[in-house]
Protein chains: 2
Amino acid sequence: MATIKDVAKLAGVALSTASYALSGDSKVSAKTKEKVLEAARQLNYYKNGFAMDLKRSRTNTIALILTDLSGPYYSELIRSVQDVALSNGYDLVACSSMGGKGSTAVKYLREKRVDGAIVLAQNITDEILLNAASSSFPIIVMDRLTTGEGLISVVVDGELGGYKATRYLIDKGHRSIAFISGPANSYDNSVRYQGYLRAMHEAGLEEKAKWRLSGNFVREGGYKATKMMLMQGEIPSAVFYGNDEMAIGGIKAMEEGGYSVPGDISVIGFDDIQLAEYVQPPLTTIHQPMYDSGSLAGHLLFQLLNDEQVNDSYKLKVELTERQSVQTVVSEIKS
Amino acid sequence: MATIKDVAKLAGVALSTASYALSGDSKVSAKTKEKVLEAARQLNYYKNGFAMDLKRSRTNTIALILTDLSGPYYSELIRSVQDVALSNGYDLVACSSMGGKGSTAVKYLREKRVDGAIVLAQNITDEILLNAASSSFPIIVMDRLTTGEGLISVVVDGELGGYKATRYLIDKGHRSIAFISGPANSYDNSVRYQGYLRAMHEAGLEEKAKWRLSGNFVREGGYKATKMMLMQGEIPSAVFYGNDEMAIGGIKAMEEGGYSVPGDISVIGFDDIQLAEYVQPPLTTIHQPMYDSGSLAGHLLFQLLNDEQVNDSYKLKVELTERQSVQTVVSEIKS
DNA sequence: ATGAAAGCGCTAACAA
DNA sequence: TTGTTAGCGCTTTCAT
C-alpha cells in the first residue's frame, strides 16, 4: 500500500506539500498540485483512513446501533437516519449489538470509532451508554428514557399507544380484552401495558390474570401464548398484542383453533410493521412514526455535535391505523 | 479523553507496561496489572480505536456494503454474514453505497477502514472494486460475476432461475408468457431474461416485444408496466416478473383492471421475499438461497483473509417455491 | 508556495 | 518483568 510519503517522493515534493495538494488546499501551486495528483494516480494511492481519523480525532461518521441488523422493522428508521446523515455530510455505519458486551456496537461506543451514535438495542445496558456518552460523544437512545451527559432519548409514547389501542377496542364494544405482552424487562412492553391498564380502569373493566400472557415480542411467542389462552376455555372478545409480530402469530393460532378473526375474536397490534398491511385480515394496529423519530434523532445528534442546546428527552405521539382485524361488538353480556 | 499515557502515569508505570497490561499480555506481574487496570477504571479509560488500528494495520472488522441499508430483502443475508463474522471473531459493520462515488461504502473500500468487504451494490462500479481489492484486502461481490486480484464473486444462478420459472409456466400449459424486466443494465435482470428466452425457445415459443416491458425492479414499476401491458389489448396467460416487488405491483394492477390472479392471468416472481408468502394470492416464485450465499461469501472472505486458496467465482443453484399465483391451463389456442 | 518537524495514541522490538 | 523508543500515516504549525 502506497503512503503519502511515496507520493511525495515520486512527485519530488515534501510530505506536507503532498498532503496539502491531496486535500485540495489552496496554497499549493496548480503545477505542483497536478504533479502530486499524477503521482498519486500512478501509485493508486488513497489516504489511510485511520491515520486521518487519528490525527483529526474526528471521523465524520455516526453509527446506528441495532440489536439485529437483519430485522426488517427498522427500514424506515434506517432510511431516515441515513437521509439526515447524508444531508449533514456525515457517513453512517450500522452495527449490531448481537454479542452484548463483546459486540461490535459496544466496541464502537467505547473506542470512539465514530463521532456519535443512535442506539436502538435493548441489550446495551444503561451503564455502557452512560459511560460512553459525553458532550464530545453524543448518543441518542431510542428504546428507553435514560438520559445523562451527552445522552438524550427519543421515544414513542407507548403508554399513549397502549391506551389508544385498548380504548379503540372498548369503543367498538369489547369488554373482555386480553393483553399478550412482550418481555417483562422491556421498557416498550411495560409502557404499552400501562396504557392498556389505564384504558381498562377508566372504563371500569378488569384485567384477567389468565389473559395476561407473554409472547416475548416474537411471532412464535404470540402463537404459543394464544394457543395457551385458547386452551383455558374462556375466550376474550378481543386481544391486544404488545406488537404486530405476536399478533400475526396469534392470528394463526386462532385460525388453527377454529376461531375466525375478527368474526370471533378481534385483534389489535402495535408497531405497524410492513407485513401488517398484508396479512389476512389486514391488521389494525398502532402506527409507530419510525421515519419521524429517526429523523428527529438524527437531527438532535447533529445539533449536539455542533454544541447546540437541546432538551433531554422527546416523546412522540402515535396514531392508530385502522384495518380489518377488529369488529364492532353490538351487544355482549357483561361479566 | 484519557489516554494510555495518563493511565501509565497514574499507575506509576511506563507506557509500554500499561499497554501490555491492558492487552492482557502475560509478561506483566499480576500486581502491576491490577494497578494499571485500576488506574484505567478510575480514568474511565478505553483504548482509542484508530490508534490501535493504525498501529496494527488490522481492524478485525469486515464491511457489508449494500445499496440501501433499509431494504428488507437482505435480512437473511445480513444474518448469515453476521453469523460467520461473529464465529470468526470479527466485527461486522454495514454501510450504504447510497451516494455512489462519495458514499460511505466507497470511502471504506478506498481508505481500507476494514479488513475486507462483501458487496451487494449495483452502484459500485467494477472499477472501484478492482481498484480497492487486493490479496491483502479481499472483496466478495455478490451481484455480478466480476473477478480479479482479491476479488471473487458469489452469485445465484439467475439464468437457471429464469429458465425454471418460465419452464414451470410452460409445463402448466401456458403458451403466451410475458416478461417484465428490471433495469436494462442490471446483471441480475439480464441473466434472468436469458433463462426466460432459453425456456421459450426450447419450447418453440416466441417472445412478443410488446410483452417485454421494464419495471425497474420496483413495485411501482411493476404496477405501471402491467397497466401498460393490459392497455395494449392482447393479454398473456402468464407473466414472469423479474422480481417479486414488481410482481406485487403487477398483481395490484391486474386486479384493478378486473383480471383475477391466477384465474385470468398467472404470475410468477423472482427472489422469494418475505412478503411473497403473505400477498394475495401467495406468490409462486424463484427462491434465492440468501442465507446460503451470504454464508458462503463470509466463509470465502475469511479464507482469503487467511491466505487460503479459493476459486474465482461461485454460482448457486436456485429452486422454485410453489404457492398459488399460477394456474394450470387446460387448453389454449396456440398463437 | 514549499519544507521541516512535531505530534495524534498506540504497539512492539529492543534494552535494561 | 519493566522501561525506552521508534514508528504506523497523516495533518498542521512554524519557519523558510
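This structure is a prediction, so every number in the text was calculated from the model and none was measured. Chain naming here is simple, since letters A, B, ... match the order of the sequence lines and numbering starts at 1 in each.
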N or O in side chain of B:Thr32 less than 4.0 angstrom from D:dT2 OP1/OP2: yes
field: Over 12 foreign heavy atoms within 6.0 Å of CD, A:Glu127
entry: no
query: Given A:Asp115, which of A:Thr61, A:Asn60, A:Thr59 fulfils the side-chain hydrogen bond (donor to acceptor under 3.5 Å, both in side chains) condition?
result: A:Thr59
message: Can you measure A:Asp6 atom CG to D:dC8 atom P for me and round it to whole angstrom units?
response: 11 Å
- prompt: Is the shortest side-chain N/O distance from B:Lys47 to OP1 or OP2 of C:dT11 below 4.0 Å?
  reply: yes
Separation of D:dC8 P from B:Arg58 CZ (nearest whole Å): 19 Å
query: Should B:Lys47 and B:Ile4 count as side-chain neighbours, where that means a heavy-atom distance under 4.5 Å?
result: no
- line: From CD1 of B:Ile4 across to P of D:dT5 the rounded distance in Å is 17 Å
- request: Assess A:Lys27 against A:Tyr20: is NZ or CZ under 6.0 Å from the centre of the six-membered ring, and within 45 degrees of the ring's axis?
  value: yes
- prompt: In whole angstroms, how far is the C1' atom of C:dT2 from the NZ atom of A:Lys31?
  reply: 13 Å
- line: What residues 102-115 of chain B contributes to the DNA chain D interface at heavy-atom separation below 4.0 Å is none
- request: On DNA chain D, check which nucleotide each of B:Ser26 and A:Ala2 is closest to and give me the residue with the more 5' one.
  value: B:Ser26
message: Rounding to an integer number of Å, can you tell me how far B:Asp53 CG sits from D:dG7 P?
response: 21 Å
field: Spatial distance of atom CZ (B:Arg58) from atom OG (B:Ser136) [nearest 0.5 Å]
entry: 12.5 Å
task: Drop me the distance from B:Asp25's CG to B:Thr17's OG1, to the nearest 0.5 angstrom.
output: 10.5 Å
Nearest-nucleotide 5' precedence on DNA chain D, A:Met1 against B:Val13: B:Val13
query: What's the spacing between A:Thr3 OG1 and A:Leu15 CG if we round to 0.5 Å?
result: 7.5 Å
- request: Starting from P on C:dT11, measure out to CG on A:Leu54 and report it in whole angstrom.
  value: 12 Å
query: When you look at B:Arg113 and B:Asp53, which way does the salt bridge (charged side-chain N to carboxylate O under 4.0 Å, His left out) test go after all the steps?
result: CA-CA 9 Å; B:Arg113 281 164 189 275; B:Asp53 291 343; over 6 Å; no
Which donor-acceptor pairs under 3.5 Å do side chains of residues 141-151 of chain B form with protein atoms, sequence neighbours excluded?
{"unit_1": "B:Asp143", "atom_1": "OD2", "unit_2": "B:Ala121", "atom_2": "N", "d": "2.8"}
{"unit_1": "B:Asp143", "atom_1": "OD2", "unit_2": "B:Gln122", "atom_2": "N", "d": "3.2"}
{"unit_1": "B:Arg144", "atom_1": "NH1", "unit_2": "B:Ile124", "atom_2": "O", "d": "2.7"}
{"unit_1": "B:Arg144", "atom_1": "NH1", "unit_2": "B:Asp126", "atom_2": "OD1", "d": "2.7"}
{"unit_1": "B:Arg144", "atom_1": "NH2", "unit_2": "B:Ala121", "atom_2": "O", "d": "2.9"}
{"unit_1": "B:Arg144", "atom_1": "NH2", "unit_2": "B:Ile124", "atom_2": "O", "d": "2.9"}
{"unit_1": "B:Thr146", "atom_1": "OG1", "unit_2": "B:Asp126", "atom_2": "OD1", "d": "3.2"}
{"unit_1": "B:Thr146", "atom_1": "OG1", "unit_2": "B:Asp126", "atom_2": "OD2", "d": "3.1"}
{"unit_1": "B:Glu149", "atom_1": "OE2", "unit_2": "B:Ser135", "atom_2": "N", "d": "3.3"}

field: B:Asn48 CG to C:dC8 P, straight-line distance once rounded to whole Å
entry: 12 Å
Using atom names, set out every protein N or O paired with an N or O of nucleotides 12-16 of chain D below 3.5 Å, distance rounded to 0.1 Å.
{"unit_1": "D:dT13", "atom_1": "O4", "unit_2": "A:Tyr20", "atom_2": "OH", "d": "3.0"}

message: Rounded to whole Å, please give me the gap between NZ in A:Lys9 and C1' in C:dG3.
response: 16 Å
